[in-house]
Amino acid sequence: MPRRHPRSVKDAPVAGKRVLVRADLNVPLDDGRVADDTRIRASVPTLDFLLDEGAEEVVVCSHLGRPKGKDPAFSMKPVEARLRELLPGAAIRVLENTRFNPGETKNDPGFARELADDLDLFVNDAFGSAHRAHASTVGVAELLPAYAGLLLERELEELGKLLGEVERPFVLISGGAKVEDKLGVLEKLGGKADHVLVGGKMAEQIRDENPLTFEVDLPTDVVAASEFAEDAESKVVPYDALPEGWLGLDIGPDTRESFARAITRAKTVFWNGPMGVFEWPRFAAGTKAVAEAVAGADAHTVVGGADSIRALTEMGLVDEVDWASTGGGASLELLEGKELPGVEAIPE
Ligand code: ADP
Ligand code: MG
């Protein structure tokens, strides 16, 4: 299937124009403060580009969280403050949370017209929202000449590479907790990978019933805990000998070593999902071992998933991978081979 190349903001007649940018500024907040500004930083290059090219006005919009109507807890104000620190003195206008308007998620033409009002061009840079047909991703693209932003383009390119011919060995690593979301990607890419390493809750879920039709490397040992708690009693047990009522909360030392060995030999790596409950230090070793192996591999390395990237960032390794996707659900849908409505809405 040939991949779509939406037209680029680099080819847009920007000078003197009023431009609406749909960015992905959907960041985690903690007590009204930005807890992780990765997505805000990732949206800066496109805004910089537009300002450099002489756009008359740059209006930025995004959704933030899942508010039910107007809710000050989901205001864009803290996000805007961070963006202004990153772009000091820039002539940008940041709109309030698009999801404050019920028309956003319904792709309501009235709300799309409101967003597009008085503006000349639309740049969609919100890869993380491209899998949703909303007013700010699809509706406006039908009203204004639409272009892909730099981040959106790069995401399509980096993730798209994994769907084409890849250098081998190709190692796919899957873990994390959102098992249902990730099975689609495993099914799509797993058959093509030379090794599929499975950890995290994913490995727990398929211990008794494995729906996958190709061979995967499951853990040989796990760190078992008597309950789901940071200070739970714990011990290393064989994967197939988890005591009744216990939970596997990390891959064990043998698995860490064999997974790291496979990753070190890889030429292409895609990692999505932590190997254990890495937020708790006693169950973080598996994720750390995989993160270090991916960071150190002499391979093209791509990581997807907010928590996997948070783990890499906390370990100071995020700059050691070739691409850390901001996409979350959109990355997964793209890698499953689905069309992304936000991308489809931009002419080629
Ligand atoms: P990502 O955001 O990278 O796509 P997920 O959101 O699917 O990953 O999963 C991340 C979460 O998975 C982490 O919060 C981690 O604590 C949890 N997790 C990993 N392994 C296990 C496990 N064995 N049991 C329960 N939770 C797990
Ligand atoms: Mg997650």
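Just follow the structure's listing: the first ligand is 1, and inside any ligand the first atom is 1.
Classification of Glu85 and Arg82 as a salt-bridged pair holds, one side-chain N sitting under 4.0 Å from a carboxylate O. Electrostatic pairing of Arg310 and Asp307 counts as a salt bridge here, judged by a charged N lying under 4.0 Å from a carboxylate O.
At least one heavy atom of Lys182 lies less than 4.0 angstrom from ligand 1.
For atom 21 (C) of ligand 1, the nearest protein heavy atom (residue, atom name, distance) is Lys201 N, 3.5 Å. The closest protein non-hydrogen atom to atom 5 (P) of ligand 1 is Ala177 N, 3.6 Å. Ranking the protein heavy atoms by distance from atom 3 (O) of ligand 1 puts Ser308 OG, 2.5 Å first. Distance from atom 6 (O) of ligand 1 to its nearest protein heavy atom, with residue and atom name: Asp307 OD2, 3.0 Å. The protein atom (non-hydrogen) at minimum distance from atom 26 (N) of ligand 1 is Val277 CG2, 3.6 Å. Closest protein heavy atom to atom 19 (C) of ligand 1: Gly276 O, 3.1 Å. When only non-hydrogen protein atoms are considered, atom 14 (O) of ligand 1 lies nearest to Glu279 OE2, 2.5 Å.
For ligand 1, the polar-atom distance check against Lys178 finds a nitrogen or oxygen pair separated by under 3.5 Å.
Heavy-atom contacts of Gly176 reach the following atoms of ligand 1: 7 (O), 9 (O), 12 (O) (cutoff under 4.0 Å). Residue contact check: Asn272 has heavy atoms under 4.0 Å from atoms 4 (O) of ligand 1. Below 4.0 Å from some heavy atom of Gly305 lie the following atoms of ligand 1, by number and element: 1 (P), 2 (O), 3 (O), 4 (O). When each atom of ligand 1 is checked for a heavy atom of Gly248 under 4.0 Å away, the hits are 22 (C), 23 (N), 24 (N).
Trp280 belongs to a hydrophobic cluster with Val223, Phe228, Val236, Leu247, Leu249, Val277, Phe283, counting contacts under 4.5 Å between side-chain heavy atoms of Ile, Leu, Val, Met, Phe, Trp and Tyr, direct or through other members.
The side-chain heavy atoms of Val21 and Leu47, taken from C-beta on, include a pair separated by under 4.5 Å. You'll find the side chain of Leu64 reaches within 4.5 Å of the side chain of Leu29, heavy atoms only. Annotation: side chain of Leu312 is not in contact with side chain of Asp319 (no heavy-atom distance under 4.5 Å).
In terms of distance to the Mg ion (ligand 2), the nearest N, O or S atom of Asp307 is named OD2.
Side-chain contact check for Arg22 and Ser136: at least one donor-acceptor pair (N or O, by modelled atom type) lies under 3.5 Å. Using a 3.5 Å distance cut-off with no hydrogens or angles, the side chains of Glu158 and Ser325 do not pair a donor with an acceptor.
The neighbour count for Glu257 CD, taken as heavy atoms of other residues, nucleotides or ligands under 6.0 Å away, does not exceed 12.
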